[in-house]
Amino acid sequence: MEYSTYIFDLDGTLLDSLQDLAISCNYALKKHQMPERTIEEVRHFVGNGVKKLMERAIPGGLEHPEFDETYQDFRQHYLVHNLDNTRPYLGVMDLLKNLHEHGKKLAVVSNKFYDATRELCQHFFSDYVSVAIGEREDIHRKPAPDTVIEALRQLGVDKTDAVYIGDSDVDIATARNSGMPCISVLWGFRDKEFLLEHGATTFVSSPQELMLPLDSK
């Protein structure tokens, strides 16, 4: 499986960010006297952006009278604490270095809000990833293809010989809507059975499976 362009999801694909997301979620819930959520609940809430995460976590969702305040408290806390426990999954840095050394174009497309996406990618992946697109008001988030199209535009390539790599049903749908093949990773927030139910066809169990041989450069 070799492509000229690799577009990655962020949370659950490149970064194990679940603990920091759960801590910020529960900080905001506790501040507003709402029941806190387990890390497994948060695992199933993520994937459609942090607003949807909080909509799922807050009793009554968007209808709760304190939704906006609670959501903003989450955002403010997370922007300060998103590096407390978040780390690349084992093997991810080696993978990105490998693809970069082979001259591949690399981008990150996430439903995480824009500032956090940029900050995390700059902190961890600035040597290898040149384009990072997060959620913005002026662009439709995944599974719409818009953020992928924008990433390709910034990379200066089209979708020919490009692949989308992610860990969720949202990523499968994003790749399909973008007219690109999808590789589903099995170390992230969703298990294989769930991914199969949502149309996944190609799986990798470790980042090493995506690495290219040194003699193929």
Side-chain angles (χ1 to χ4, degrees), residues 1-15 47-49 88-89 91-188 190 195-196 198-204 206-217:
M1 295 183 289
E2 182 173 351
Y3 300 87
S4 60
T5 303
Y6 292 73
I7 299 182
F8 292 90
D9 171 53
L10 186 60
D11 296 297
T13 301
L14 297 179
L15 291 181
N48 297 89
Y89 286 102
V92 159
M93 297 306 296
D94 290 336
L95 168 62
L96 297 179
K97 180 181 180 182
N98 172 269
L99 296 176
H100 179 75
E101 289 178 345
H102 280 79
K104 306 305 181 182
K105 301 278 190 178
L106 307 179
V108 168
V109 169
S110 176
N111 276 343
K112 185 189 293 292
F113 50 96
Y114 185 79
D115 289 346
T117 299
R118 297 279 294 182
E119 179 182 336
L120 288 165
C121 287
Q122 179 67 26
H123 180 80
F124 289 113
F125 309 130
S126 59
D127 288 344
Y128 310 121
V129 175
S130 58
V131 172
I133 309 291
E135 182 182 23
R136 304 188 317 223
E137 290 186 0
D138 61 341
I139 192 167
H140 294 296
R141 67 173 183 262
K142 301 185 298 183
D146 302 47
T147 47
V148 173
I149 293 168
E150 175 62 15
L152 293 170
R153 186 192 69 78
Q154 291 190 27
L155 288 172
V157 299
D158 60 29
K159 66 181 180 181
T160 305
D161 203 30
V163 65
Y164 190 90
I165 301 170
D167 72 304
S168 74
D169 52 320
V170 175
D171 297 313
I172 296 165
T174 301
R176 182 172 59 247
N177 293 337
S178 302
M180 295 166 55
C182 182
I183 298 174
S184 297
V185 308
L186 296 178
W187 58 80
R190 302 287 187 268
L195 294 170
L196 282 168
H198 288 84
T201 58
T202 306
F203 300 93
V204 289
S206 71
Q208 286 79 6
E209 293 179 44
L210 292 167
M211 291 177 65
L212 304 174
L214 292 176
D215 58 6
S216 73
K217 285 197 290 186

Can you see which heavy atom on [X] is nearest to which on [Y], and at what distance?
X: Y114; Y: G134; answer: CD1-N, 3.7 Å
X: A151; Y: V131; answer: CA-CG1, 4.0 Å
X: P181; Y: V163; answer: O-CG2, 3.6 Å
X: H100; Y: L106; answer: N-CD1, 4.2 Å
X: V170; Y: G47; answer: CG2-O, 3.5 Å

Enter the distance from [X]:[atom1] to [Y]:[atom2] here, rounded to the nearest 0.5 Å.
X: S184; Y: D9; atom1: OG; atom2: CG; answer: 10.5 Å
X: H123; Y: L15; atom1: NE2; atom2: CG; answer: 9.5 Å
X: M93; Y: K97; atom1: CE; atom2: NZ; answer: 9.5 Å
X: E135; Y: T117; atom1: CD; atom2: OG1; answer: 8.5 Å
X: S130; Y: F125; atom1: OG; atom2: CZ; answer: 13.5 Å
X: L152; Y: T160; atom1: CG; atom2: OG1; answer: 9.5 Å

Taking [X] for the side chain and [Y] for the main chain, is one N or O donor matched with an acceptor at less than 3.5 Å?
X: N177; Y: P145; value: no
X: W187; Y: Y89; value: no
X: D146; Y: I139; value: no
X: H102; Y: P213; value: yes
X: N98; Y: M211; value: no
X: S178; Y: M180; value: no
X: K142; Y: V109; value: yes

Within a strict 4.5 Å, meaning less than it, do heavy atoms of the [X] and [Y] side chains meet?
X: Y128; Y: L99; answer: no
X: C121; Y: L10; answer: yes
X: R190; Y: D169; answer: yes
X: F203; Y: I183; answer: no
X: D161; Y: T5; answer: no
X: V108; Y: I133; answer: no
X: E119; Y: F124; answer: no
X: T147; Y: H140; answer: no

Working for side-chain contact (heavy atoms from CB on, under 4.5 Å), residues I165 and V185: CA-CA 7 Å; I165 301 170; V185 308; 3.7 Å; yes
CA sep, side-chain torsions, deciding dist, call: R141, R136, side-chain contact (heavy atoms from CB on, under 4.5 Å): CA-CA 8 Å; R141 67 173 183 262; R136 304 188 317 223; over 6 Å; no
Residues S168 and D171: side-chain donor-acceptor under 3.5 angstrom: yes
Mutual orientation of the aromatic rings belonging to Y3 and Y6 [parallel < 30°, tilted 30-60°, perpendicular > 60°]: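 It falls in the perpendicular class, over 60°.
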K159 NZ: over 12 foreign heavy atoms closer than 6.0 Å: no
